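Notes to accompany the following structure.
Everything numeric here is computed off the predicted structure, so don't read it as measured data. Positions are given from 1 along the sequence.
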Amino acid sequence: MDHYDSQQTNDYMQPEEDWDRDLLLDPAWEKQQRKTFTAWCNSHLRKAGTQIENIEEDFRDGLKLMLLLEVISGERLAKPERGKMRVHKISNVNKALDFIASKGVKLVSIGAEEIVDGNVKMTLGMIWTIILRFAIQDISVEETSAKEGLLLWCQRKTAPYKNVNIQNFHISWKDGLGFCALIHRHRPELIDYGKLRKDDPLTNLNTAFDVAEKYLDIPKMLDAEDIVGTARPDEKAIMTYVSSFYHAFSGAQKAETAANRICKVLAVNQENEQLMEDYEKLASDLLEWIRRTIPWLENRVPENTMHAMQQKLEDFRDYRRLHKPPKVQEKCQLEINFNTLQTKLRLSNRPAFMPSEGRMVSDINSAWGCLEQVEKGYEEWLLNEIRRLERLDHLAEKFRQKAAIHEAWTDGKEAMLRQKDYETATLSEIKALLKKHEAFESDLAAHQDRVEQIAAIAQELNELDYYDSPSVNARCQKICDQWDNLGALTQKRREALERTEKLLETIDQLYLEYAKRAAPFNNWMEGAMEDLQDTFIVHTIEEIQGLTTAHEQFKATLPDADKERLAILGIHNEVSKIVQTYHVNMAGTNPYTTITPQEINGKWDHVRQLVPRRDQALTEEHARQQHNERLRKQFGAQANVIGPWIQTKMEEIGRISIEMHGTLEDQLSHLRQYEKSIVNYKPKIDQLEGDYQLIQEALIFDNKHTNYTMEHIRVGWEQLLTTIARTINEVENQILTRDAKGISQEQMSEFRASFNHFDRDHSGTLGPEEFKACLISLGYDIGNDPQGEAEFARIMSIVDPNRLGVVTFQAFIDFMSRETADTDTADQVMASFKILAGDKNYITVDELRRELPPDQAEYCIARMAPYTGPDAVPGALDYMSFSTALYGESDL
């Protein structure tokens, strides 16, 4: 080691200052240290052709002590004194102690006089200091060194062996299995580990010590009996012995380091491949769901019944509530996975992931946009169809009622008009027939409006594409044809009666007057009954109030109508009085009309019965409209709170994503708390969904109390969840980048401040000119000459590989950190493989399986091409092309 930190050495040596004050009070420990330290010293002195027998005696003149230091350090010490006097010995020992101190070791309470005097405690302490400095201190395993590094090395090497649990350098080694495991791990052919027993420590220890001495050139430093017979073996003796094993196997350690590097690279590659497979599957499943869903939403074939259309609406509600939300989450997760994968690929110096054709994030967004475009019009179409079918059902029922009334009225009229009873009638009968015909014509004219209404309703049903239009048209045509025939027959009969009228002179004026007044009154009652039984559809309080007002106006006319009824009945009573008074021979009933007083009274009673029914129907509808109005106000009140809340949260997230105060972890914690507060708002959205369902079930189609629709709220809520998730993912990726690239929080804050300063429009991205100005502000020398433009074009190709014309903050951080990042490269991986291959240009299957874990060894074997160089042997594999392929420099 060219440079040694004396401060670190002093810190490490501090716990050893009082080594002789405690440990050597135990004779067993002193014996173990004597034997171990003597064997350790001889293992090095043998290289110089000498050894020691008694550790406290043989180092007293300082000569062998100086020789030991020269052997273990590889350096020459000052020339020793050859005299036999005490002063010469002290001089030699001081030269040795000075050399030890020059290596950064602080010697505490150890002087040359104690060594020369043969002080066993001080001599053992000095040898332990030498062992620490030259045998243990330089041990380094995964950023730990010296004692901790040696312990970690032992733990890693013995981890696969049962009944071995190395936690210290004393009792963990008493059963001997730890020593045997170390030997078996590196030289499995030397020990049959399966035959060892934990309850036979003497055999285990002797086996390990004998094998180490015979095959590994590690001298026997301890006796098995001393270790087993001591409650707590001496830690320094065990550490010294174990360090000899470490140095004996140091060559294998390099191979392990190379294998670890390859394992790390392969693990990253395997993880990335799994992420790619997961992305492809999730993208494929989501696109397939969109492909299946769009045709269903594009289906605009209307149903013929209200029930069928309402079922379609219910199916659409289930789609929005149950089927789509998980897919929204999958889409968001897909984007997060894609961004995370790309970030990991960048951090591991791998090429960017390109999904298979048609499965890019942009392809999924495009397909999703098509889905939402189709979905947007589907609900509107459903509601319009329901309104249309509701209108059609109302018109069809109205058509049937009016047609039935008209058909009932026309029943028998043609037969009546075809009669020729006037040919044999008397004068009075002729006059009666004529007046009766005039009354019929009046009645016929009164029914003209009803026929026109029937035709108009049929025409509207045709225009609205009523499914049963053929039967409606046939019935309407029959009514119209019959009406035309009635008109022709009426005109023909009138002409016949008028020809006969000249022959007839008298007519009963009372019957005529009765007929004239009874006919319109009867028609009025029929119209009133028809109106009172007419169904109605309203959607607002104002509409039902209008119907109620009209009904009240109708009820106000009933007293006058009753007077008219009494007057008509009075005419009939006058006729009866005249007949009785003058004994008139009346053959049959009133010749001018078929309307009888009983009929008038019956219809009048029916009208009076229908009035309270109409009152009840209007009252119930008024209550329903009041309930609907409450639903509108309830929905409007909530929507007017939730809508602005969502907009406010979107704006806050936008500000948070730009400002980003504090550390990234603080920002992430704040964003997650913010996300939790947003998710906690979900019950209010669900409550609003419940209110909206009540509104739709009540067939409420407009709401003057709010400008927000449920669709606005849904879209805003989904955008809010997606935005907070994306913002959290961006911060997570920034943390990943910061940790992987070693960016400090101050650097990250400086990058964010510079980025925000030049992000004038707060869009979260920088245009090319803004990005160039930002780089210049950070110290980049980018001139306006061709060379500067070429350099800037190179930088833009890195931060904007898709040529979108903008630079995101993530790409900005990647660029600022990648140029100084310490990442694995293809050359480093090739160098590691070369170590495993023993400096050969190829590697064999056996070498891969011996040095790498099974799954990663098979991964390499399956992907490495055969080696074809001039020095190739059967089964040789080309690890160089494999290493370049890992980093996208060739095909894997």
query = Less than 4.5 Å apart, any side-chain heavy atom of M525 and any of I600?
reply = yes
ask   = Are any non-hydrogen side-chain atoms of K603 and R608 less than 4.5 angstrom apart?
value = no
note = In terms of heavy-atom contacts, Q482 and E414 come closest through CG-OE2, 3.4 Å
task = Decide, yes or no, whether a salt bridge links E513 with R517 under the criterion of side-chain N to carboxylate O below 4.0 Å.
result = yes
key: side-chain contact (heavy atoms from CB on, under 4.5 Å) between E438 and R494, intermediate numbers included   = CA-CA 8 Å; E438 290 176 356; R494 164 168 281 283; 3.0 Å; yes
request  = List the atom of A446, the atom of N523, and the distance in Å for their closest heavy-atom pair.
outcome  = CB-ND2, 3.4 Å
ask   = In terms of side-chain geometry, is the basic nitrogen of D702 or R632 positioned less than 4.0 Å from the acidic oxygen of its partner?
value = yes
key: Worked verdict on T722 versus Q719 for side-chain contact (heavy atoms from CB on, under 4.5 Å)   = CA-CA 5 Å; T722 301; Q719 291 177 345; 5.7 Å; no
ask   = Salt bridge or not for R565 and D562, using N-O below 4.0 Å?
value = yes
task = Check A639 against P644 and note the closest heavy-atom contact, atom names and distance.
result = O-CD, 3.9 Å
key: Residues forming a ring pair (Phe, Tyr, Trp, His ring centres under 6.0 Å) with W604, sequence neighbours excluded   = none
task = Could you grab the distance from atom CG of L721 to atom CD1 of I646, nearest 0.5 Å is fine?
result = 9.0 Å
query = Can E689 and Q693 be counted as having a side-chain donor-acceptor contact under 3.5 angstrom?
reply = no
note = Smallest heavy-atom separation, A403 atom then I479 atom, equals CB-CD1, 3.7 Å
message = Within this structure, what is the CD-CD1 distance for the pair E697 and I695, rounded to the nearest 0.5 Å?
response = 10.5 Å
query = How close do P597 and L569 get, heavy atom to heavy atom, and via which atoms?
reply = CB-CD2, 3.4 Å
ask   = Which pairs count as salt bridge (charged side-chain N to carboxylate O under 4.0 Å, His left out) when at least one residue sits in residues 475-491, sequence neighbours excluded?
value = E407-R475
ask   = Does any N or O in the side chain of K413 come within less than 3.5 Å of the main-chain N or O of W409, such that one atom is a donor and the other an acceptor?
value = yes
Side-chain donor-acceptor pair present, T490, E441, cut-off under 3.5 Å = no
task = Kindly determine whether E452 and D449 satisfy side-chain contact (heavy atoms from CB on, under 4.5 Å), including the steps that lead there.
result = CA-CA 5 Å; E452 293 175 356; D449 288 339; 3.9 Å; yes
inquiry  = Using 0.5 Å steps for rounding, measure from the CG atom of D615 to the CD atom of E552.
reply    = 6.5 Å
task = Identify, with sequence neighbours excluded, every residue that meets side chain to side chain contact (heavy atoms under 4.5 Å, CB included) alongside L547.
result = F536, V538, I544, L618
ask   = Are the charged groups of E288 and R291 less than 4.0 angstrom apart, N to O?
value = yes
ask   = Do F440 and M416 come close enough that some side-chain heavy atom pair is under 4.5 Å?
value = yes
ask   = Does I713 reach the side chain of Y692, with side-chain heavy atoms less than 4.5 Å apart?
value = no
key: H447/W483 aromatic ring centres below 6.0 Å   = no
task = Please report the closest heavy-atom contact between M529 and V607, naming both atoms and the distance.
result = CG-CG2, 3.5 Å
query = Do H622 and T619 meet the criterion of a side-chain donor-acceptor pair at a distance under 3.5 Å?
reply = no
Y514 side chain to I595 backbone, donor-acceptor under 3.5 Å = yes
ask   = Mind checking whether Y681 and W645 have parallel, tilted or perpendicular rings, split at 30° and 60°?
value = parallel
Greater than 12 external heavy atoms within 6.0 Å of R400's CZ = yes
query = Rounded to the nearest 0.5 Å, what separation is found between the CD atom of Q453 and the NE2 atom of H406?
reply = 12.0 Å
query = Is the shortest heavy-atom distance from the side chain of M710 to the side chain of Q696 under 4.5 Å?
reply = no
key: Contact check, side chains of L286 and I290, non-hydrogen atoms, under 4.5 Å   = yes
query = Between W368 and K327, is any pair of side-chain heavy atoms under 4.5 Å apart?
reply = yes
ask   = More than 12 non-hydrogen atoms from neighbouring residues, nucleotides or ligands closer than 6.0 Å to CG on N707, yes or no?
value = no
query = Got a sec, which pairs hit salt bridge (charged side-chain N to carboxylate O under 4.0 Å, His left out) with one end in residues 633-649, sequence neighbours left out?
reply = K649-E652
query = Heavy atoms, side chains only, cut-off 4.5 Å: are N703 and F635 in contact?
reply = yes
Inter-residue atom distance W717.CH2 - M650.CE, 0.5 Å rounding = 12.0 Å
task = Return yes when atom NZ of K555 has more than 12 non-hydrogen atoms of other residues, nucleotides or ligands closer than 6.0 Å, and no otherwise.
result = yes
ask   = Given H705 and E629, is the side chain to side chain donor-acceptor pair (under 3.5 Å) satisfied, shown in steps?
value = CA-CA 9 Å; H705 301 292; E629 186 66 13; 2.6 Å; yes
ask   = Rounded to the nearest 0.5 Å, how far does CZ of R450 lie from CD of E530?
value = 4.5 Å
note = Taken in chain and number order and not counting sequence neighbours, the residues that satisfy side chain to side chain contact (heavy atoms under 4.5 Å, CB included) with Q638 are Q634, Q687, L688, D691
key: Trace of the side-chain contact (heavy atoms from CB on, under 4.5 Å) decision for H551 with V611   = CA-CA 9 Å; H551 183 62; V611 168; 4.1 Å; yes
task = Tell me, please, which residues at least two apart from Y708 pass ring pair (Phe, Tyr, Trp, His ring centres under 6.0 Å).
result = none
query = Would R714 and E718 pass as an ion pair if we require N to O under 4.0 Å?
reply = no
